[in-house]
Undergrad: 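Got a structure here, written out as structure tokens. Questions coming.
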Protein chains: 2
Amino acid sequence: MELLQKNKCFDGEQRIYQTTSKSLKQVSKFGVFLPPQALKMQKCPAVIYLAGLTCTEETFVIKAHAQRLAAQLGLILISPDTSPRGDDVEQGDSWDIGQGAGFYLDAIQQPWAEHFQMESYLIKELYPLLMKEFPIAEQKIGIFGHSMGGHGALTLAWKYPEKFSSISAFAPICEPSACPWGEKAFSNYLGVDQTEWAKHDATQLVLNKGALFSEVLIDQGLNDQFYSQLHPENYQAACHKVGQKLTLRMHDGYDHGYFFIQSFIDEHLQFHALQLQK
Amino acid sequence: MELLQKNKCFDGEQRIYQTTSKSLKQVSKFGVFLPPQALKMQKCPAVIYLAGLTCTEETFVIKAHAQRLAAQLGLILISPDTSPRGDDVEQGDSWDIGQGAGFYLDAIQQPWAEHFQMESYLIKELYPLLMKEFPIAEQKIGIFGHSMGGHGALTLAWKYPEKFSSISAFAPICEPSACPWGEKAFSNYLGVDQTEWAKHDATQLVLNKGALFSEVLIDQGLNDQFYSQLHPENYQAACHKVGQKLTLRMHDGYDHGYFFIQSFIDEHLQFHALQLQK
């Protein structure tokens, strides 16, 4: 793990690290915000933020405006990159596939399977690395994300409920099996077998595995230019069916971007801090 | 004035506009954050933020994290670009001269004088445009900035004290006549005559014009990689000499960038809101 950058911020430190991943067969970067409490080596809760299509480890760090309240709450913030990258990694034919569009799963189709193993990287490599290197309190890791990263948060939480104690999302892709972004990604990364798709679809996971968390928080803008890709109503119906408590808030006038996220980031951090206190 | 982009943010709107400037002989962009109070056409105070070298109208909008508190305080935020731009505008031989490095003055040397007229653009064109187009309360405009933009704020406030009612800066270039950035800019834009330089040097302006504001707030990081270019002590000495009240706060560990700025932006907005209430 190599420290690439650190900047003092709200008496904490915003850092960027690089690590060599066996799963990705590449180096991969991630951001870590350490609140002042963590710099004093007090054990703190942590939240992992998964970003959306085209984003990097820097997007959340710069655009989400989370550091101020995280410093107050004593929350560690982790922001991984969204995919493997590099000259020998398949580029993809557009911004919604390939580099910048890893969809937080392990690809089983070539040419993607060679490097696109984001699920294994996050769960088997980054998660234990974080626990080893930073003063994170046992069982006190939450996960959240935006758009493709909201899909990532909702699916990884349902696949590994023992690893995450709080979960929320901004404008997540709730049912990738039933939208153009998801169909393109899943057919490329997973192939034509739709039983494979269901393993990585938040709505299907809720229906198949049932209620797993005390509460899920989702914020959604009603002026979201990608609303038709997201299907929050289908996720809500699935949660209702299995008795999973979901707080789905619809916000008039807000769109899909980080001006929306920054407007509600404080409430997500407070939600995670509360859930992780339990 | 053409609206290029608007995004709902904290129940206000972050907008980007473009206007055609006679001074710059170019179109020029600027950001406007309208708090919810301004959207209801209530008269609000406003602050103009001048950014540093290499920045654009978007830098403050994305990186300074000012919208949350501005929405609460009912402050309008204005963020102009830092220079004229375009294919027919002199590019400059590096990042500290030419495009992205306008230094908020009117160049009198060629090839710069043709387009580099940022002082005239800001004062004679943008300022009246803002007063005409947005619900800004009379005499309630403040100015602040960072680095080169801190120089811009400190100098424009001293040149046009009737136009600005509050003033602050982050890590400003306090004495450009006596640092490499300023010497390069001034010799290019103004020529060799140092009496011209003194008209655009914050420390010289304070010495020559005396105390003009009830208080000036400056924050400076002590881990600033450009500290030797900034000379806050010389500005402090000049203020002391003429009886200008200055609150100069030195912050251990903070560097020159936006992680520093976001850490103290709230206190600057509160300072301006208070000064503009008077």
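So that the names make sense, note that chain A is the first sequence line, chain B the second, and so on, each numbered from 1.
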Undergrad: Considering heavy atoms only, which positions within residues 215-232 of chain A lie below 4.5 Å of chain B?
TA: none
Undergrad: Given a strict heavy-atom distance threshold of 4.5 Å, which part of B:Phe10 is in contact with chain A: side chain, backbone, both, or neither?
TA: both
Undergrad: Can a donor-acceptor pair be found, under 3.5 Å and without considering hydrogens, that links the side chain of B:His65 to the backbone of A:Gln262?
TA: no
Undergrad: So which bits of residues 66-76 of chain A come within less than 4.5 Å of chain B, counting non-hydrogen atoms only?
TA: A:Gln67, A:Arg68
Undergrad: Spell out, as yes or no, whether a donor-acceptor pair under 3.5 Å connects the side chain of A:Tyr254 to the backbone of B:Asp11.
TA: yes
Undergrad: Are more than 12 heavy atoms from other residues, nucleotides or ligands located less than 6.0 Å from atom NZ of A:Lys63?
TA: no
Undergrad: Report the option among A:Gln14, A:His251, A:Glu13 that has the most heavy-atom pairs separated by less than 4.5 Å from atoms of chain B.
TA: A:Gln14
Undergrad: Considering only heavy atoms, give the residues of residues 28-56 of chain A separated from chain B by less than 4.5 Å, sorted numerically, with 'none' for an empty result.
TA: none
Undergrad: Would you list the atom pairs, donor with acceptor, under 3.5 Å between side chains in residues 2-9 of chain A and any protein atom, with sequence neighbours excluded?
TA:
residue, atom, partner, partner atom, Å
A:Gln5, NE2, A:Asn7, OD1, 2.8
A:Asn7, ND2, B:Asp255, OD2, 2.6
A:Lys8, NZ, B:Asp252, O, 2.7

Undergrad: Taking B:Gly12, B:Gly253, B:Gly257 one by one, which has the highest count of heavy-atom pairs under 4.5 Å against chain A?
TA: B:Gly253
